[in-house]
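One structure below.
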Amino acid sequence: MSTPYPFTAVVGQADLRLALLLNAVSPAVGGVLVRGEKGTAKSTAVRALSALLPQVAVVSGCRFSCAPVAPDPACPDGPHEAGPGTARPARMVELPVGASEDRLVGALDIERALAEGVKAFEPGLLADAHRGILYVDEVNLLHDHLIDLLLDAAAMGASYVEREGVSVRHAARFLLVGTMNPEEGELRPQLLDRFGLTVEVAASREPAQRVEVVRRRLAYEDDPAGFATRWAGDEHEVRDRVVAARALLPSVRLGDTALLQIAAACAGFEVDGMRADIVMARTATALAAWAGRTEVRKEDVRQAALLALPHRRRRAPFDAPGLDEDKLDEILDQFADEEPQDEPDPSSGPDPDPQTDPETDPDDDGGGPDGGGGVPPQGEGPKAPEAPSDSAPPESPPESAEAPSDAPGATQPSAQEAGGPEQAAVRATEPFRTKMLSVPGLGEGAAGRRSRARTAHGRTTGAQRPRGHLTKLHLAATVHAAAPHQKARGRTGRGLVVRKDDLRQATREGREGNLVLFLVDASGSMAARQRMGAVKGAVLSLLLDAYQRRDKVGLVTFRGSGAELALPPTSSVDAAAARLERLPTGGRTPLAAGLLKAREVLRIERLRDPSRRPLLVVVTDGRATSAGSLGGDPRALSSRSARLLASEGVTSVVVDCESGPVRLGLAGVLAGDLGAPAVTLDGLRADSLAGLVKNVRTSVTSPASHTSNRRAA
């Protein structure tokens, strides 16, 4: 649709709209990260913001939006002389998740640069976004190399394009706005800290508000221009208020009391570095200007903390961001506000919400409802459905009520393994740093940090003819290809005559992210001797490792009479950790059903993402006491299922959970069938002296070698 949805028609979501408007008042705040479930008007509100920004004065004909009063002396289109320039609306540039590096930073014509010495540069999205908004939808799914470029540009206020000695620089100062669904994965801490503010959004659960969402959305889709006209007056009022707040901003006074409150809040919540203090100061100042005041008050500091600190405070792995508001109030109350306060401008009012009717917000894509009126306070924001619980679940029953021990001959399932009542979930032990598990060979999957792969970044390993647009020139190979033809091409001067066929693309080797599928035994035998807490701690540690290495993860569990896909493959390791935390145990051990379920999941995922190589992590003690619906001998079935996975080239590793002085070694037998190594829970630790696992090999290892990777208790 050519007519954007009006910003003032987005009702509810007060925190979201306030954060966006504060950045419109003071771009130095540093942008906004909007976190929330799908269909909560995240994209709608962001796209509507550009209509409220004042116009930008630019040098006529400059592709890099230089300011006419102070043009960039290093502008590729320059030098420019100071002048009146022309005014145009502020731009909002969208960065697609799958964009190439050249699309983001721009492209150099390498052929002309080598042959003619001309810097022929085509600007990218960073140049388009200069002095405007750069919007990244699903920013948590952005590739690492693009995130690195964004970090550099945000830190330096400029973009540098380097291609084999040919360099172009241009200014790139922009307002960074990102939206994301936490269920699809978290954001790298480095980029997370670059967002000045963060907001949690959720749909309203009030029927009346959801009705208004549908009513407004349908009215907009039936007549976009007419709908926008009905809201034109409100849009004009908010735009004028933004302009007035910008004009008032230099006059706002940030007193010593407010500065002490800001510093105490940042120190009290143990945020890293000083960026949080600076962002809070700028946000509190913008809040005062938005309210029409020239003095920062305690409520400004409090609101600034709720917007600037949740994503910066130190928290344990897999904890959702948030802020304890009671603790914040205690910190702020330690500093009495004794400074004089001026009265707010009655014409502007203190209410940051440009609307008066409490309703909900339209949907991002015009489908589902988007609410806002029922959004909890920022510090108690809605947690993702899969967020781990902070409450301690009941401990496991005593050993007498659990599955049989690991003693030899204990092959008959107990009453509980035969289908007795399931046991309550136990808490995981503290996570630890694990050894490196990787897939052998050279892949071509998405960039990550686990297995070797051909990637766009990394060390140069060779050269080839480019497949499409040239991005990484291999200079030596290009010169070598062009050199034999110089006489035939009539070379007369010192310059090298280069044709397009001479260009060579550098091939590079880096690291890729894999699909790590966890197959976890949740049967009664795993609960024996209260091992499940240690097992969950090990899987949690591997999940943390998968997050750091940018993997996709999935979770299959088996117990009772079958197996289930507890979590389809996703980039959200938080979701996997939450499912693991709530995982109950009990019942028989249908190992074959679990292996076959894992095989089916890997088959489907191979069709969806053929370039991402899988790594199957089987967490079990190796017992097989149930054939489930398959029928037959459980051990024979599990052996055949494991050999089937091995024959299809699935790379696996077995985490042996068997404990006690007497062990059956069944996990080692399973590892032999899978053609995989086995590692004990202790051997999985990176600081363990035994059982070093650097690469997962597909060759069959003898069962004796599987049990050698153990550490004395």
Side-chain angles (χ1 to χ4, degrees), residues 141 143 184-185 434-455 510-521 538-539 541-558 563-573 575-577 579-580 591-620 638 641-655 670-679 684 693-701:
L141 303 182
H143 290 301
E184 297 173 347
T434 66
K435 286 191 171 68
M436 175 67 172
L437 304 176
S438 62
V439 180
L442 197 63
E444 295 183 347
R449 297 186 179 88
R450 185 171 296 278
S451 305
R452 294 174 54 228
R454 298 183 184 91
T455 58
R511 294 280 174 176
E512 66 177 358
N514 298 110
L515 166 61
V516 182
L517 181 63
F518 293 95
L519 177 59
V520 180
D521 185 349
V539 178
S541 304
L542 290 168
L543 283 172
L544 184 59
D545 182 70
Y547 164 72
Q548 295 168 344
R549 300 189 188 281
R550 312 297 289 174
D551 295 317
K552 289 180 69 174
V553 296
L555 178 63
V556 174
T557 64
F558 59 95
E564 67 170 340
L565 178 59
L567 181 72
T570 175
S571 297
S572 175
V573 295
R579 300 290 174 90
L580 178 73
L591 178 56
L595 293 169
L596 293 177
K597 185 66 175 180
R599 175 176 176 265
E600 177 66 13
V601 172
L602 294 177
R603 183 188 68 81
I604 295 174
E605 194 64 20
R606 194 178 299 117
L607 297 175
R608 291 176 178 168
D609 192 357
S611 63
R612 189 180 288 269
R613 297 187 294 165
L615 173 62
L616 177 63
V617 180
V618 185
V619 185
T620 182
S638 63
S641 302
R643 289 197 297 270
L644 180 61
L645 280 166
S647 67
E648 294 175 350
V650 176
T651 304
S652 309
V653 62
V654 176
V655 179
L670 174 64
D673 292 332
L674 285 169
V679 57
L684 192 62
V693 180
K694 286 188 176 178
N695 289 293
V696 181
R697 297 180 176 84
T698 55
S699 58
V700 178
T701 311

Taking it one step at a time, do E605 and K552 satisfy salt bridge (Lys or Arg N to Asp or Glu O under 4.0 Å)? CA-CA 11 Å; E605 194 64 20; K552 289 180 69 174; 2.7 Å; yes
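- Rounding to the nearest 0.5 Å gives a distance of 11.0 Å between CG of L515 and OG of S611.
- The main-chain N or O of V439 is found under 3.5 Å from a side-chain atom of S451 such that the two form a donor-acceptor pair.
- The shortest side-chain heavy-atom distance between V516 and L437 does not fall under the 4.5 Å cut-off.
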Test side chain to side chain contact (heavy atoms under 4.5 Å, CB included) on V655 and V617 and set out the steps. CA-CA 7 Å; V655 179; V617 180; 3.9 Å; yes
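- Under a 4.0 Å N-O distance rule, the pair R599/E648 qualifies as a salt bridge.
- Among all heavy-atom pairs drawn from A646 and G675, the shortest one is CB-N, 4.5 Å.
- Considering every non-hydrogen atom in both A563 and F558, the closest pair reads CB-CB, 3.8 Å.
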Can you list the steps and then say if L684 with L542 is a side chain to side chain contact (heavy atoms under 4.5 Å, CB included)? CA-CA 9 Å; L684 192 62; L542 290 168; 4.0 Å; yes
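- In this structure, L580 CG and L567 CG are separated by 10.5 Å, a value rounded to the nearest 0.5 Å.
- Residues satisfying the side-chain hydrogen bond (donor to acceptor under 3.5 Å, both in side chains) test with T557, not counting sequence neighbours, are none.
- Side-chain contact between P569 and V601 is present, with at least one heavy-atom pair separated by less than 4.5 Å.
- R613 places no side-chain N or O within donor-acceptor distance of the main-chain N or O of V650, the cut-off being under 3.5 Å.
- Checked against salt bridge (Lys or Arg N to Asp or Glu O under 4.0 Å), R606 has no partners two or more places apart in sequence or in another chain.
- Shown here are the side chain to side chain contact (heavy atoms under 4.5 Å, CB included) partners of R452, two or more places apart in sequence or in another chain: L442, E509, R511.
- Under the salt bridge (Lys or Arg N to Asp or Glu O under 4.0 Å) criterion, D545 pairs with R450, R549, not counting sequence neighbours.
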Take V556 and E564 through the test side chain to side chain contact (heavy atoms under 4.5 Å, CB included) and record every step on the way to the result. CA-CA 6 Å; V556 174; E564 67 170 340; over 6 Å; no
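- Side-chain contact between L616 and L645 is present, with heavy atoms from C-beta onward closer than 4.5 Å.
- The distance from atom CG of L615 to atom CG of L602, rounded to the nearest 0.5 Å, is 10.0 Å.
- A642 is linked by a side chain to side chain contact (heavy atoms under 4.5 Å, CB included) to L595, L670, D673, L674, counting only residues two or more places apart in sequence or in another chain.
- The line from CG of L544 to OG1 of T434 is 8.0 Å long, rounded to the nearest 0.5 Å.
- Put simply, CG on L543 and CZ on F518 are 4.5 Å apart, with the number rounded to the nearest 0.5 Å.
- Counting only distance, with no hydrogens or angles, the side chain of D551 and the backbone of N514 share a donor-acceptor pair below 3.5 Å.
- When each of V520, L519, D521 is tested with T620 by the rule side chain to side chain contact (heavy atoms under 4.5 Å, CB included), just one qualifies, namely D521.
- Residues satisfying the side chain to side chain contact (heavy atoms under 4.5 Å, CB included) test with E600, not counting sequence neighbours, are R603, I604.
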